[in-house]
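Notes to accompany the following structure.
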Amino acid sequence: MATKNHKRSSFNFLCLLCFFVAGFSTYAQTPTVTKVEPPSWWAGHTINPVRLLVRGTNLTGTNVRSLNPGLRVSEVSVNEKGSYLFASVEISPSLPAGKYPLLFENATGSTAISYNLEAPLDTQTNFQGITTDDVIYLIMTDRFADGDTTNNAPRDSSPEANDRNNPRGFHGGDLRGVINQLPYLKDLGVTALWLTPWYDNWNDVNRCDKPWCPNTYYHGYHAIDYYAVEDRFGDLARLRELVQKAHAVGIKIIQDQVANHVGSQHPWVKDPPLSNWFHGTLAAHQLNKFRNSALLSPHSNRQDFRNTLDGWFSDDLPDMNQEEPEVARYEIQNALWWVGVTGIDGIRQDTIQYMPRSFIRDLSNALHRQYAKLWMVGEVFERDAAHTAFFIGGHTGWDGVDTKLDSVFDFALWNASLLVFTNKAPVRFLSHQLKYDALYPDASKITVLANNHDTTRFMSLGGATLTGAMMHTAFVLSVRGIPQLYAGEEIAMEGKEDPDNRRDFPVAAFKAEGRNEKEQQMFAWTRAWIALRREHPALRSGKLIELFSDDETYVFARQLGTETILIAFNRENKTKQISVPLGSLGVKDGVTLKTLIGPAMRAGVVNGEAKLILPPQGAIAFGAQ
Ligand SMILES: [Ca+2]
Ligand SMILES: [Ca+2]
Ligand SMILES: [Ca+2]
């Protein structure tokens, strides 16, 4: 009996323990929510329902319920670990902006969050898109201007990460710095700023025994949060302030988006929302061998094709799997969210060719469906026009896909211009390259880069001279397409490959009195060509007609309606006289050509021809009057 009693009492004790454990685990099993993405949305949006990705704990078996009839939740699914929940939230189109409660509940408890519906921004002043009327200026935020020193050493960074003497450290540039320099940019005449990614990146430093260590993610291409602004650059309020203030002075903003990959410090790497969220894992993945032609050629084998699409750009850039519909929805919403909350006008999409073309199409369509004028340019870093042309929208590739992509960078023409103006190729190579515009459905839509943060600066190329740099800049600003400059080229900065090409913009050069002679000469030249473009519609959107080319010289016209502008490049060390067939453009005898930029001169049209006197080593612009 005693034994039995003992047993009974120990049974009772154990049950009591069971109760406590059960009670405890009941408490522990209540769902918690730590992050909701997107954190806000809009009523009346073209994406409805919005698909939420919720990070939390104990989400297995959790249902989501709206406490307001204006929101309706469906299609809830939870990952195996119970750490991520997906839910579709249909928003009544007439629902006013505000906060709406959503209840996450399971058998043992519930957690409430309030979901934010934003008021849409004014479509008259935002989402303007980019056209040939624009001149784009690339800013690497960390390296441009430091407007707020209080954000230069975040608590979760070691001093090594903030070492301005390390070309791979954070240098302190931020959004306030860009706001402060809007008058400089307005004076230069650029009309759109492309800022390198402003997603939040890891604040600390990588240490390794390789030559590139210690390094940091100052450049922004290693996102740890697709929905947060880099704390070293500012915050969402500061970003909105930049967009508003830029818009107020007629400058548009382009966001650098990176849908192809995130940084290896992203919480998803240890705990992905789905097992196929990435292509592989940190421990087991392919590295991209960059056999880029496999993406273009109809004859590539599947192994090369998949490696180039799915391989990680580097070991610390986990590759997103856009063929998983949840990933595609997440990324499309993310792109639209940034546009909607900030009012930006365009997107530069990083490493776009490493994502499926059907995804590029779906992303482009979703952007245009919501914002008719919104513009996206894709980085297809290839010097072969056949390759870049394959990725621009407006035509259907052999794979049956029209990417609907608004623009691609013209790396082929950039390459040709660098070779010509550093004396490595005959000047007629420009004409040779431009004939491949035949591959584009509309060559005026191409973005003509002068340089970017991944390329050696002009002045550090072998054979570079200031006059060569000036001709290159004039060519970029006068040829067809949308010109894109890189901060610092306008003051002839030097810099070899990354990270040398990302030196800090010299603060003194923001003011004319702080520029040395060379800097001022290049600045004044760049400014003059931008102004010429602004003043002459033919230079922005006119037809390009070639008039003359040989080993040292290239002359073309830009013509729109009754306006004809002639642009001539002469690489020779001496003055050169040539005849150009203006009658073929409908320019009548008796019309006078007058210099717009360059040494003042006049030339008359006689018998359908004009004799031009081209100054040595320079670019000159004429207007027909
Ligand atoms: Ca700063
Ligand atoms: Ca950060
Ligand atoms: Ca990829």
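Here the structure is a predicted model, which is why all the values come from computation and not from measurement. Whatever order the structure lists ligands and atoms in, that order sets their numbers, starting from 1.
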Side-chain ion pair, [X] and [Y], N-O less than 4.0 Å:
X      : Y      : answer
Arg527 : Glu490 : no
Asp454 : Arg502 : yes
Asp402 : Arg361 : no

Give the name of the N/O/S atom in [X] that lies closest to the Ca ion (ligand 1).
X      : answer
Asp148 : O
Asp146 : OD1
Asp174 : OD2

Under 3.0 Å from the Ca ion (ligand 3), can any N, O or S atom of [X] be found?
X      : result
Asn260 : yes
Tyr354 : yes
Leu309 : yes
Asp310 : no

Only N/O/S atoms count here: what is the atom of Asp200 closest to the Ca ion (ligand 2) called? OD1
Within 6.0 angstrom of Lys35 NZ, more than 12 heavy atoms from elsewhere: yes
Over 12 non-hydrogen atoms of neighbours within 6.0 angstrom of CD in Gln303: no
Derivation of the ring pair (Phe, Tyr, Trp, His ring centres under 6.0 Å) call for His453 and Tyr221: CA-CA 12 Å; His453 55 320; Tyr221 290 95; 5.8 Å; yes
Hey, is there an N, O or S on [X] sitting under 3.0 Å from the Ca ion (ligand 1)?
X      : result
Asn152 : yes
Gly147 : no
Asn151 : yes

Calculate the angle formed at the Ca ion (ligand 2) by OD1 in Asn203 and OE2 in Glu230; 10° precision is enough. 80°
Within rounding of 10°, what is the angle whose vertex is the Ca ion (ligand 2) and whose arms end at O of Asn201 and OD1 of Asp231? 170°
Is it the case that the ring center of Tyr84 lies less than 6.0 angstrom away from the ring center of Trp277? no
So, Phe390 versus Tyr440, ring centres under 6.0 angstrom or not? no
Backbone N or O of Ala294 within a donor-acceptor pair of the Ser300 side chain at under 3.5 Å? yes
